[in-house]
Amino acid sequence: MTLTAIDQSSQPALAALRWNNRFARLGPAFATVQELHPLKEPYWISRNAALARELGLDQSWLATDEALQAFTGNQPLAGAQPIASVYSGHQFGQWAGQLGDGRATLLGELQTPHGGIELQLKGAGLTPYSRMGDGRAVLRSSIREYLCSEAMHGLGIPSTRALCLSGSDDKVLREDIETAAVVTRSAPSLIRFGHFEHFSHTDQHAQLKILADFVIDHFYPACRDAAQPYAAFLQAVSERTAELMAAWQAVGFCHGVMNTDNMSILGLTIDYGPFQFLDGFNPGHICNHSDSQGRYAYNKQPNIAYWNLFCLGQALLPLIPQQEDALAALESYKTVFPAALQKRMRAKLGLLDEAAQNDDKPLIEKTLKLLAAHQIDHAIFWRRLCRFDSPEGRTAVRDLFVDRAAFDNWASGYDARRQQQDSAASTRLMLATNPKFILRNHLGEQAIRAAKARDYAEVNKLLTVLQSPFDEHEEVADHQALAGFPPDWAAGIEISCSS
Ligand code: AMP
Ligand code: MG
């Protein structure tokens with residue numbers, strides 16, 4: 001294993017940085033060396049101090065022009081090995097063939113106090129996999145990805161993260177003429193289901209094995225000792241994906257484009273496009289205006305994830321001698337997902353006693369039916385419910401319902417169950433489970449509008465609040481509005497695949 005030497009003379013602040021670009025060393029079958037495609041006169045939009053600290057990056061260096069140029073893809077970073085990787089995938093249920101990093105440049109893998117973390121520039125220009133695209137990302141979608149990946153992390157939901165966001169006045173043509181931006185995102189690995197599908201569908205079985213061994217050795221080492229390591233790996237990915245789906249459903253998150261190339265092999269939320277956190281609770285909600293069939297509607301996500309895992313299982317079959325072993329590995333999803341969701345829903349309701357957990361299923365279903373029937377604001381309902389034990393708190397929940405009788409009927413059943421809980425402990429659990437702040441579409445939209453006018457304060461304010469979404473943030477009066485109902489115009493926001 002060789003570490004690439006760092007040129008300390010040109011980057012003194014980076015002297016402590018170490019790169020170990022393990023994915024790049026897999027070789028040319030997996031990725032292509034990526035050249036720089038500079039953007040004109042880049043400027044900072046936001047830097048994520050919290051993540052910089054975690055990565056062990058020097059804060060003052062991150063503020064420099066050198067960092068700005070490096071994270072816009074304008075200048076090389078010593079020790080990095082920029083590449084674009086090849087993958088394929090199923091898009092909207094159809095085999096789409098080769099895709100790949102069409103606008104993402106993997107800088108390399110940084111050695112951090114938390115292990116190896118890959119840094120990738122999204123929107124840094126053309127790659128061999130750009131197909132008809134321009135290799136760029138526009139400001140609005142980059143702000144959404146930057147904020148949402150950190151919001152998910154703040155919510156405790158596995159996600160890629162975002163270190164910084166830079167922009168340029170260089171024009172990018174979408175439906176309108178827009179400007180370019182680059183998000184520097186990070187994750188232990190950015191490998192997708194689609195990477196495995198690629199090598200399987202192109203009959204490159206030696207490469208498929210190299211990739212599977214790489215992921216198992218670095219991220220799923222326990223599978224190595226199993227009788228069938230690749231089936232064990234499929235099961236482990238199924239379980240992580242099941243946990244992720246439970247987390248999405250519980251918080252009311254719609255991804256919008258759950259193609260297999262947008263599914264992380266580590267069970268992370270990845271590729272933020274037309275995502276949305278629910279406002280009113282509509283289980284059939286479709287957040288992506290390009291999704292005419294509603295394939296990726298909120299309530300379809302758990303089944304779509306299972307379908308996607310089948311594609312992964314299919315791709316891994318050359319490595320799993322008995323098909324039954326692959327099927328058995330996938331079966332685990334069917335038990336892990338409902339159990340994980342039930343655990344999260346019970347926590348949302350503040351139910352602490354484990355003994356009666358299966359008896360809570362009807363209450364959970366009744367609650368979700370109530371919210372759906374009356375289109376109650378998802379996040380506000382759950383947050384207000386945290387104070388149900390106080391008379392004012394209970395009234396605040398009741399006030400969400402026009403049909404008070406329907407609420408009272410539900411509340412009497414909930415009341416009975418609550419009597420069996422320790423009120424203080426239950427409230428604490430609920431406040432740590434039901435966030436006060438989520439990245440609603442209109443909040444993102446407000447930040448985007450301000451940023452287009454070169455005011456980045458809103459982006460930075462949202463970043464701060466969304467990184468600790470369970471806190472009240474009472475000390476800042478200005479933050480309280482971020483926890484309010486969406487304005488009427490929010491219903492008119494249309495987010496599509498265009499990004
Ligand atoms: P997405 O829908 O963002 O997950 O992207 C699907 C595929 O299209 C991936 O291979 C992306 O890299 C590629 N892609 C999306 N937008 C662009 C773009 N502007 N330029 C080049 N490739 C793109
Ligand atoms: Mg994608």
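We count ligands from 1, going down the list as the structure has it; atoms in each ligand are counted the same way.
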Exercise for the section: Examine Phe233 together with Phe196 and report whether their ring centres are nearer than 6.0 Å. Expected result: yes
Problem - Validation row, ring centre Phe30 to ring centre Phe214 under 6.0 Å - result: no
Practice task
Identify the residue among Tyr296, Tyr298, Phe277, Trp248 that makes a ring pair (Phe, Tyr, Trp, His ring centres under 6.0 Å) with His255.
Solution key: Trp248
Exercise for the section: May I ask you to decide if Ala124's main-chain N or O and His37's side chain share a donor-acceptor pair within less than 3.5 Å? Expected result: no
Handout entry: Pair His378 and Phe281, ring centroids less than 6.0 Å apart
Key = yes
Exercise for the section: Below 4.0 Å from any atom of ligand 1, which residues have a heavy atom? Give them in chain and number order, please. Expected result: Tyr87, Gln91, Leu99, Gly100, Asp101, Gly102, Arg103, Ser130, Arg131, Gly133, Asp134, Gly135, Arg136, Arg174, Asp261, Asn262, Asp271
Practice task
Would you please say whether a donor-acceptor pair under 3.5 Å links the side chains of Ser498 and Arg140?
Solution key: yes
Exercise for the section: List the steps, then state whether side chain to side chain donor-acceptor pair (under 3.5 Å) holds for Tyr272 with Thr160. Expected result: CA-CA 10 Å; Tyr272 293 85; Thr160 60; 5.0 Å; no
Handout entry: Student check: side-chain heavy atoms of Lys122 and Thr184 closer than 4.5 Å
Key = no
Exercise for the section: Around the Mg ion (ligand 2), list the protein N/O/S atoms within a radius below 2.8 Å, excluding water molecules. Expected result: Asn262 OD1, Asp271 OD2
Fill in the blank from the handout: Interatomic distance, CD@Glu150 vs CG@Leu51, rounded to 0.5 Å, equals 5.5 Å
